[in-house]
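A, B, ... follow the sequence lines: proteins, then strands. Residue 1 opens every chain. As the structure is a computational prediction, the values presented were derived from the model and not from experiment.
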Number of protein chains: 2
Amino acid sequence: MSNSSVVELPVLNQPDGAVAPCCPPLNERPLTAEEAERTAKMFKALGDPIRLRLFSAVASHEGGEACVCDISDVGVSQPTVSHHLKKLKDAGLLSSERRGTWVYYRVEPSVLVAMGQLLTTAAR
Amino acid sequence: MSNSSVVELPVLNQPDGAVAPCCPPLNERPLTAEEAERTAKMFKALGDPIRLRLFSAVASHEGGEACVCDISDVGVSQPTVSHHLKKLKDAGLLSSERRGTWVYYRVEPSVLVAMGQLLTTAAR
DNA sequence: CAAGGATATCGACAAACGTCGAAGCAGAAG
DNA sequence: CTTCTGCTTCGACGTTTGTCGATATCCTTG
């Protein structure tokens, strides 16, 4: 149980391995309730300072992945770090894999791209 | 009191009227605690489905602004709509202006751009 | 198999959040 | 001045969230 298939957030994985953003840019048209529900989970996951630092630490780490031990110096207890990493994982922003003693978290580059597209101003 | 100077989020308004993103792309380097604190407020504001729909409704509305009456059909009471709009305003994502009977909310295009830059994959 | 380090889960608790109805305020219209 | 409409503020309430210490799990090492 490492790379458990990301379900609905924040990109839709295509059968051919490509990714498509789940929703149009925010200024293209009003999001539907369902789109907003899915997308909000993503923003919510990044809406906590500790989680944002953890996410940024993973995203900026060499190879786009980091061991928990590399990034857990954020001023909260170890269980809290674990809790936040789980939330990021549940939101589909990170995946994790155990290698020996350590657990590595990684961010899919496509996630960053898709999230950026959401916020990139549509041609108007 | 309409366009009250946006203080710290999510972009830093330059004296010459230009804007700079408040923080580097999330995968450039780990955010500092202060950067994360500021940026998380922005994400948090978009981390609620109702707020996201309101924001999207304003952002996609003609001219980048909308009257409250144009966008308040999101399934919650009118005071709740007002409460969420206030949160988006406090987060620096929207500004408001009263014109006669109606209050108009608007989103600064630079905000969308700056937020997109946060999430756009840095060259690595 | 025993010991130890790394991470996850559990249970509890205070603080923050989303929601509503009621009441208040500001312009427009009579 | 009074009434009406659009919006905000207030006060209350149940739910969710972030945090911790204690405990459990997984894996390596001796």
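- For B/Arg98 (side chain) and B/Gly100 (main-chain N/O), a donor-acceptor pair under 3.5 Å exists by modelled atom type.
- One interatomic measurement links the two molecules: NE2 of B/His83 to C1' of C/dG21, which rounds to 15 Å at whole-angstrom precision.
- Atom CG of residue B/Leu93 and atom CG of residue B/Asp90 lie 10.0 Å apart, to the nearest 0.5 angstrom.
- In this structure, the side chains of A/Met115 and A/Leu46 come closer than 4.5 Å at one or more pairs of heavy atoms.
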Which string of ( ) [ ] | and . matches DNA chain D, if you list each base 5' to 3' and count Watson-Crick or G-U pairs only when both distances are under 3.5 Å?
||||||||||||||||||||||||||||||
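- Between D/dT17 and B/Lys44, no contact under 4.0 Å exists linking OP1 or OP2 to a side-chain N or O.
- Proximity of a side-chain donor or acceptor of B/Ser56 to a complementary backbone N or O of A/Arg29 within less than 3.5 Å is detected.
- Across all strands shown, A/Arg99 has no heavy atoms under 4.0 Å from either base or sugar-phosphate atoms.
- No option in B/Lys41, B/Lys44, B/Glu37 other than B/Glu37 meets the side-chain contact (heavy atoms from CB on, under 4.5 Å) test with A/Pro49.
- Residue A/Leu46 contributes atom CG, which lies 12 Å from atom P of D/dG18 at whole-angstrom precision.
- B/Lys41 places its NZ atom 13 Å from the P atom of C/dA16, with the value rounded to the nearest Å.
- Phosphate contact (OP1/OP2 of D/dC20, side-chain N/O of A/Thr80, threshold under 4.0 Å): present.
- For A/Arg51 (side chain) and A/His84 (main-chain N/O), no donor-acceptor pair under 3.5 Å exists by modelled atom type.
- With rounding to whole Å, B/Lys89 atom NZ is found 12 Å from D/dC7 atom C1'.
- Straight-line distance from the NZ atom of A/Lys86 to the C1' atom of D/dG18: 15 Å, rounded to whole Å.
- Distance, A/Asp48 CG to C/dA16 P: 13 Å, rounded to whole Å.
- For the pair A/Arg106 and A/Ser95, the minimum side-chain heavy-atom distance is below 4.5 Å.
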Within the sub-3.5 Å range, which N or O atoms of nucleotides 3-7 of chain C have a protein N or O partner, and how far apart are they?
residue: C/dT7; atom: OP1; partner: A/Cys69; partner atom: N; Å: 3.4

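- B/His84 comes within contact range of the sugar-phosphate backbone alone, with a heavy-atom separation under 4.0 Å but no base atom that close.
- Per the geometry, CG belonging to A/Leu52 stands 13 Å off P belonging to D/dG18, to the nearest Å.
- Between B/Leu26 and A/Leu52, some side-chain heavy-atom pair lies under the 4.5 Å cut-off.
- Residues A/Ile50 and A/Pro79 each lie close to DNA chain D; by heavy-atom proximity, the contact nearer the 5' end of the strand is made by A/Ile50.
- Regarding B/Glu97, its CD atom lies at a distance of 15 Å from the C1' atom of C/dG27, rounded to whole Å.
- In this structure, B/Met42 and B/Leu118 have side chains that are in contact, with non-hydrogen atoms separated by less than 4.5 Å.
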